[in-house]
Amino acid sequence: MKKYRYIVTELLLSLAAIALVPLAASADDGSRLWLTQEVADIPTGNVRVEGFKASSPTINIAMRELTAWKGHTVIIRKTSEKNVKRDGFVIRRESGGVCISSPSETGALYGVYHLLRLQQTGSGINGEIRENPQYEFRILNHWDNLDGTVERGYAGKSIFWEGSNPKKSIINNRLLRQYARANASVGINGTVLNNVNAQAEILNDDYIERLKSAADIFRPYGIRIYITANYASPLKIGGLKVNDPFDKNVIKWWRDKVKEIYRSVPDFGGFLIKANSEGQPGPNDYGRTHADGANMLADALKPYGGIVMWRAFVYSPNDNDRAKQAYTEFVPLDGKFRDNVIIQIKNGPIDFQPREPYSPLFGAMKKTKTMVEFQITQEYLGHANHLCYLAPMWEEFFASVDPSTLTAACGVANIGLDKNWCGHDFAQANWYAFGRQSWNPHLTSSKIADEWLRQTFTCDESFVEPVKKMMLESREAVVNYMMPLGLHHIFAENHHYGPGPWTWRPNLRPDWTATYYHQADQNGIGFDRTLTGSNAVSQYPADLCKQYGDAFDCPDEYLLWFHHLPWSFRMKSGRTLWDELCRHYQTGLEQAREFQRTWDSVKQYVDDERYLRVQNKLKIQTLDAQWWKDACLLYFQSINHLVIPIDIERPVHNLNDMKSYNIPLGIYGNAPYGFSK
């Protein structure tokens, strides 16, 4: 126990050091994100505007941004080219300068940011550059509560809400402009301002006025606002006795409320809805379907051009496999949703795990609009303490799901009032990557990391190449030291941060325990989702069903997701499953240590403040990797009684001590523990 207390003490000291280190003259608090070029308050650059009004707020922003341009004259021109989408743009050289053309002011602004990106990264304009966004809707979801707390937030309190009384809280216009600018620079064009576990009060007059203030700030940057509405709002704040979507009074209440919102926010985007999930109210409460509920809201929004994003994250304690339920509930409703309803589906079938196969709902709903929901905030990936670059995860998703079959993309944000916005300086890269990949899902994670590093730090290759390598390996490292070979959801009961493969209590729902997912016993480990198990494989296309269902053909990374196998199962490497599992945990720990060495080697290229902040985070990550390795291997060893291979480092912790340790959540984030999202 003393040794484990020592580790925890070191962790706390590392955190304290972040606040105590004196700032160097060249200190950078991270607040500028990747937008490090100096921009004037008044347009002073050599810019010519053709077809647009130079006095418009959006074009004025574009002209101000171009004060950072170091090249020849820039022409911002309105175009009517047929193969350029509304938000798209074309950049080409013309006699005496560079022309950015677009059919819209917002598209022109995106073109300006792209031109400046080329300058910041040291790239040239080779021929014509033509860019169109893959998705019309590229949206951040904020799980911010009206009292200012952020569920699953690890970067301080909400940037939108400062208290439960909107009249007494002051909106920070400057901060919201910086937020809008950052989003526009990577093509994000929408934001959901409140938690999916919604409070009905956001639909009251005072909050609608607050929405108007935010919308007015965001509009020149091409950003529309959305809100999550509590499905029981007619009952909770409207004085009605039911929420039945077929009830004429309920229908009228929503239509009146939507009309009221659009009077204040004429470009309001619409609603995000979490219904009949984790205790949230919904149409199922009245014997109605998800389609019935979504369509009622869609009809109210339709005259104004609004949309409904209806989450498919549903599960109950009665199903024999939580991974199957969304497919089971939604596929029979395919084709029954209005055309302004988009079904919002998490990238995997469980819950933002370090690695999951793609959700089989993608591709199964052929007559219904669908969108992918990624998680930018690292709820299951070390919160804001671990370096975990997520673009490789999303690239992996888009390699499995054809991007053209989706209508939109959204990401659960990692943004708070911390000066560096995201808690971890490298977590900013995930915000950046989401914007870039929702604009162009075909961009590689390597390309995006390269862009972000050059804009955020330096273009010096001696820095970029080793740090990019570290970023690209980081997600796989987290998988290795947390849940390799398809293991998932084996966190401790009180949080989604540290290991708890032993988690089980007789009065706890089975699917809220770790043992439900890893199914480890003396004979083997893994969740059987084959034909002889839960048969979740049958929800995938025939070729994948066959591949995933065959233990010898299933990719190693999904093996224990789909199979319960003997500890002695012979892997493709020739090692037993137990030996292979041990080596993955060891590899993850070694990768975390290597990240420390890499960062130390580039000290000369980074200002002292950011260098020390990241260094301390990497120390914590390495301590945590050791904790995960020891906890998982010692627990599984207590079940299978096998020897840890001699070439694997011996554990430094005691299993009983780790079982009894509870994390004080204030260290790791301000979000209270709640149900998984």
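Owing to the predicted nature of the structure, the values given are computational and were not obtained by experimental measurement. This chain uses plain numbering: 1 for the first residue, then up along the sequence. As a basis for the values below, the full set of heavy atoms in this structure was taken, side chains included, without hydrogen atoms, waters or symmetry mates.
In this structure a side-chain-to-backbone donor-acceptor pair under 3.5 Å is present from Arg529 to Trp561. Glu356 places a side-chain N or O within donor-acceptor distance of the main-chain N or O of Phe352, the cut-off being under 3.5 Å. Side-chain N or O atoms of Thr370 include none that pairs as donor or acceptor with a backbone N or O of Phe362 at under 3.5 Å. The backbone N or O of Leu193 sits nowhere less than 3.5 Å from a side-chain atom of Asp144 that would complete a donor-acceptor pair. Not a single donor-acceptor pair under 3.5 Å links the side chain of Lys469 to the backbone N or O of Thr598. A side-chain donor-acceptor contact under 3.5 Å links Gln428 to the backbone of Asn420. Between the Ser438 side chain and the Phe434 main chain, a donor and an acceptor come within less than 3.5 Å of each other.
Side chain to side chain, Asn414 and Trp421 fail the donor-acceptor criterion of an N or O pair below 3.5 Å. Defined by atom type and a distance below 3.5 Å, a donor-acceptor pair is missing between the side-chain atoms of Tyr231 and Asn276. For the residue pair His653/Tyr661, the side-chain donor-acceptor check at 3.5 Å is not satisfied. For the residue pair Glu329 / His290, a side-chain donor-acceptor distance below 3.5 Å is found, with atom types taken as modelled. Side-chain contact of Glu395 with Gln437: a donor-acceptor pair under 3.5 Å is absent, judged by distance alone.
Contact between Ala592 and Ala625 at its shortest, heavy atoms only, is CB-CB, 4.1 Å. Residue Met309 comes nearest to Met371 through the heavy atom pair CG-SD, 3.7 Å, listed as atom of the first residue, atom of the second, then distance.
Below 30°, between 30° and 60°, or above 60°: for Phe160 and His142 the angle between ring planes is above 60°, a perpendicular geometry. Ring geometry, Tyr548 versus Phe562: the interplanar angle falls under 30°, so the pair is classed parallel (tilted spans 30 to 60°). Between Phe636 and Trp567, the angle of the ring planes lies from 30° to 60°, which puts this pair in the tilted group. Classification of the His495-Trp627 ring pair by plane angle, with boundaries at 30° and 60°, yields tilted. Ring geometry for Trp34 versus Tyr432: interplanar angle over 60°, hence perpendicular rather than tilted (30 to 60°).
Using a cut-off of 4.0 Å between Lys/Arg side-chain N and Asp/Glu carboxylate O, Glu580 and Arg583 are scored as not salt-bridged. A salt bridge does not link Lys157 with Glu162: every distance from a Lys NZ or Arg NE/NH1/NH2 to an Asp or Glu carboxylate oxygen is 4.0 Å or more. Of the charged side-chain nitrogens involved, at least one lies within less than 4.0 Å of a carboxylate oxygen, so that Arg355 and Glu396 count as a salt-bridged pair. Using a cut-off of 4.0 Å between Lys/Arg side-chain N and Asp/Glu carboxylate O, Glu373 and Lys274 are scored as not salt-bridged.
Considering CG of Leu508 and OH of Tyr516, their distance stands at 12.5 Å, rounded to 0.5 Å. Atom CD1 in Ile227 sits 13.0 Å away from atom CG in Asn195 (nearest 0.5 Å).
A cation-pi arrangement is not found for Arg138 relative to Tyr135, the charged atom failing to lie both closer than 6.0 Å to the ring centre and inside a 45° cone about the ring normal.
Shown are Tyr481, Tyr154, Trp628, Phe426; of these, the ring pair (Phe, Tyr, Trp, His ring centres under 6.0 Å) with His386 is made only by Tyr481.
Between Trp452 and Tyr389, the gap from one ring centroid to the other reaches at least 6.0 Å.
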